[in-house]
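Remarks on the structure that follows.
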Protein chains: 2
Amino acid sequence: MPHVPDAPSPDLTAVIARNRPRFRTATEFVEAAMREAILGGVLPAGAPLRQEELAAAFGVSRMPVREALRQLEARALVEFHPHRGAVVAAISAEDSADIGTIRTALEPAALRLSLPGLTAEDLGLAADLLAEMDGEADPGRMGELNRRFHMTLYARAGRPRLLALVEQHLAAADRYLRFQFVALGYQSRSQDDHYALLAACRAGDADAACAIVVDHVTAAGKELTAFLKKPA
Amino acid sequence: MPHVPDAPSPDLTAVIARNRPRFRTATEFVEAAMREAILGGVLPAGAPLRQEELAAAFGVSRMPVREALRQLEARALVEFHPHRGAVVAAISAEDSADIGTIRTALEPAALRLSLPGLTAEDLGLAADLLAEMDGEADPGRMGELNRRFHMTLYARAGRPRLLALVEQHLAAADRYLRFQFVALGYQSRSQDDHYALLAACRAGDADAACAIVVDHVTAAGKELTAFLKKPA
DNA sequence: AATCGTTAGATTGGATCCAATATCCGCGCA
DNA sequence: TGCGCGGATATTGGATCCAATCTAACGATT
């Protein structure tokens with residue numbers, strides 16, 4: 001009697017409700033909601049993605065779900081195993097090195113382009129985000145704030161594709177770093193970097209800012225790699 | 001009486017035949033073949049992608065076609081217009097600047113990682129590819145050789161995701177540069193760069209090689225941007 | 001004659017239906 | 001008792017069917 005799918009988690013229902021009105025087609029809606037759920041940790045790495053179950057949760061048929069899953073596959077967020085279903089993509093230690101390299105290459109480039117265009121409001125917003133992060137305990141929220149802080153500093157690069165790539169890899173790293181945030185002293189060290197980065201941006205010192213970003217990303221990559229190698 | 005779709009072009013049929021045996025599921029096969037067709041210029045930018053027509057050409061139903069189109073959408077190779085169909089994505093002058101920035105950031109990183117691991121066979125293969133390019137007139141073949149030359153030099157980076165990103169953006173640029181190859185003196189200048197790059201790699205001079213790559217990519221980006229701005 | 005509204009047709013978006021394949025369990029046999 | 005085989009079952013992959021909507025052509029009205 002397996003035909004009755006499990007009820008979706010309350011978190012997932014929240015993500016679904018938040019995204020439903022934003023899109024005209026069901027496929028886009030499902031794709032956006034699932035991406036948010038995966039990046040936000042609501043659907044953890046390795047979680048099996050039953051098409052029927054998701055369709056019921058989203059209130060659509062299996063087809064938009066399948067199309068959305070294919071899009072997420074192209075973004076390396078889910079993996080298909082033929083005739084065995086899709087799962088939320090897990091990240092390996094090699095992947096983490098990979099992502100670290102990509103971030104180290106892209107983020108300084110984005111920052112260098114963006115820095116001259118940053119306004120006082122941008123810097124103020126970044127400062128606000130940092131302040132909020134200081135008191136934040138929830139890892140999911142923390143990840144989102146971290147992403148938004150970085151992206152705020154890069155936003156004026158005026159390169160939508162570059163920024164999308166950066167955000168994608170930032171999110172991919174964050175999704176795993178989440179587990180670190182509470183465990184180790186990583187969070188405070190990361191915040192130190194953030195404040196130093198913001199100061200360099202205020203000073204308009206591109207070289208210093210880029211150097212901080214490189215260090216910051218490298219450190220995050222090392223934490224992540226170590227974490228991924230440990231629990232095996 | 002519009003129900004009879006056009007016959008596919010001979011080029012497309014060739015791509016289809018070449019890819020069919022390589023995959024287990026229809027969706028993967030369609031995705032691979034369509035990607036090759038788009039990157040190879042068989043399906044030019046702006047071409048409308050009728051689902052029924054493609055399904056007939058591939059010998060499958062519309063569903064695998066739709067899934068494949070969604071994957072290609074996630075890779076920014078096709079665009080969906082709700083209820084109006086999908087078209088092969090065109091690239092704007094801004095996109096080209098974007099892609100240039102991304103390449104300029106990623107390719108030196110890939111080269112730097114790869115260079116120490118390059119073998120004599122790798123360098124020999126690269127030289128062979130260059131030699132073949134000297135006598136090549138077909139733009140599609142030229143683009144493929146160019147891609148393979150670059151990727152050969154980056155291959156030992158041991159970063160699959162980075163290399164996939166590099167190849168993706170290299171291909172995106174090539175797809176448009178194709179029109180340049182014959183028209184201008186671009187081809188010979190590009191080949192000069194290639195030979196210089198290969199020499200620097202043979203010498204193991206990472207800094208020089210990266211500088212050449214940056215120049216080369218920048219020049220290609222400028223050509224592309226100029227071309228895209230010209231014909232309106 | 002030009003423009004706007006109406007309507008027919010084609011095409012996509014979504015749902016349902018069928019077939020193919022993988023998993024899981026139990027049974028038989030060594 | 002352990003291993004391998006076989007059938008039952010669930011789940012995916014693919015095909016077909018229906019509804020929603022966009023396009024285009026035609027005609028009426030000014």
Side-chain angles (χ1 to χ4, degrees), chain A residues 1-8 16 19-35 38 43 46-74 77-89, chain B residues 1-8 16 19-35 38 43 46-74 77-89:
Chain A
M1 195 188 322
H3 279 252
V4 43
D6 292 353
I16 291 171
N19 281 284
R20 173 139 34 203
R22 289 180 39 209
F23 297 95
R24 323 231 320 264
T25 72
T27 301
E28 289 179 19
F29 149 56
V30 173
E31 199 268 344
M34 286 198 53
R35 182 162 47 169
I38 292 174
L43 293 172
L49 299 167
R50 289 275 169 310
Q51 296 177 3
E52 199 84 37
E53 199 172 318
L54 293 170
F58 284 99
V60 298
S61 84
R62 271 177 52 211
M63 163 142 345
V65 172
R66 281 168 62 177
E67 290 189 5
L69 286 174
R70 288 296 184 182
Q71 289 180 294
L72 296 169
E73 182 195 23
L77 288 176
V78 316
E79 288 173 10
F80 270 77
H81 301 276
H83 288 279
R84 288 176 39 183
V87 298
V88 178
Chain B
M1 198 187 321
H3 279 251
V4 43
D6 292 353
I16 291 172
N19 280 284
R20 172 138 36 201
R22 291 179 40 211
F23 296 95
R24 323 226 326 259
T25 71
T27 300
E28 288 178 20
F29 149 56
V30 174
E31 198 268 345
M34 286 198 52
R35 183 162 49 170
I38 292 174
L43 294 172
L49 299 168
R50 290 273 171 300
Q51 297 178 2
E52 199 84 37
E53 199 171 318
L54 292 170
F58 283 99
V60 298
S61 84
R62 271 177 53 211
M63 163 140 348
V65 172
R66 282 168 62 177
E67 291 189 2
L69 287 174
R70 289 297 185 181
Q71 290 180 295
L72 297 169
E73 182 195 22
L77 288 176
V78 317
E79 289 174 10
F80 270 78
H81 300 276
H83 288 278
R84 289 176 41 183
V87 299
V88 178

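Sequence lines set the chain letters: A, B, ... in the order given, protein chains first and strands last, and positions in each chain run from 1. All of these numbers come straight from a predicted model, not from anything done at the bench.
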- Without swapping roles, check the side chain of Arg20(A) against the backbone of Phe58(A) for a donor-acceptor pair under 3.5 Å.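 Yes, the answer is positive, given that a donor and an acceptor are paired below the 3.5 Å cut-off.
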- Message: Less than 4.0 angstrom between a side-chain N/O of Thr27(A) and OP1 or OP2 of dG13(C), yes or no?
- Response: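 Looking at the OP1 and OP2 atoms of dG13(C), neither is under 4.0 Å from any side-chain N or O of Thr27(A).
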- So, is Arg84(A) near the phosphate of dT12(D), with a side-chain N or O under 4.0 Å from OP1 or OP2?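 It does not, given that no N or O in the side chain of Arg84(A) lies less than 4.0 Å from OP1 or OP2 of dT12(D).
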Rounded to whole angstrom units, what separation is found between the [atom1] atom of [X] and the [atom2] atom of [N]?
X        : N       : atom1 : atom2 : result
Glu31(A) : dG14(C) : CD    : P     : 13 Å
Gln51(A) : dA15(C) : CD    : C1'   : 14 Å
Glu73(A) : dT12(D) : CD    : P     : 14 Å
Glu53(A) : dA10(D) : CD    : C1'   : 13 Å
Glu67(A) : dG14(C) : CD    : P     : 7 Å
Phe58(B) : dA15(D) : CZ    : C1'   : 17 Å
Arg50(B) : dT23(D) : CZ    : P     : 11 Å
Glu52(B) : dA15(D) : CD    : P     : 12 Å

- Query: Are side-chain heavy atoms of Met63(A) and Met63(B) found at a separation under 4.5 Å?
  - Reply: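 When only atoms from C-beta onward are counted, Met63(B) and Met63(A) do touch, with a gap below 4.5 Å.
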- Item | Non-neighbouring partners of Glu28(B) that pass side-chain hydrogen bond (donor to acceptor under 3.5 Å, both in side chains), sequence neighbours left out |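 For Glu28(B) there are no side-chain hydrogen bond (donor to acceptor under 3.5 Å, both in side chains) partners, ignoring immediate neighbours.
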- For the student: nearest non-hydrogen atoms of Ala86(B) and Leu69(B), plus distance: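 That would be CB-CD1, 4.4 Å.
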- Task: Would you name the heavy atoms of Ile38(B) and Leu77(B) that are closest together and state the gap between them?
- Result: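 Between these two residues, the closest heavy atoms are CD1-O, 4.2 Å.
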- Query: In Å and rounded to the nearest 0.5 Å, what is the CD to CD distance from Glu67(B) to Gln71(B)?
  - Reply: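 That separation rounds to 7.5 Å.
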- Test: Arg70(A) cationic atom under 6.0 Å from Phe80(A) six-membered ring centre, within 45° of axis: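 Output yes; distance and angle both within limits.
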- Give the B/S/- string for nucleotides 16-21 of chain C, one per nucleotide from 5' to 3', where a protein heavy atom under 4.0 Å of the base yields B, of only the sugar-phosphate yields S, and otherwise -. B----S
- Message: Let's see if you can work this out: which of dG14(C), dG13(D), dA15(D) has an atom nearest to the side-chain heavy atoms of Arg70(A)?
- Response: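 Of the options given, the side chain of Arg70(A) lies nearest dG13(D).
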- Task: Specify the residue among Gly85(B) and Pro64(A) whose closest nucleotide of DNA chain C lies further upstream toward the 5′ end.
- Result: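 So the residue in question is Gly85(B).
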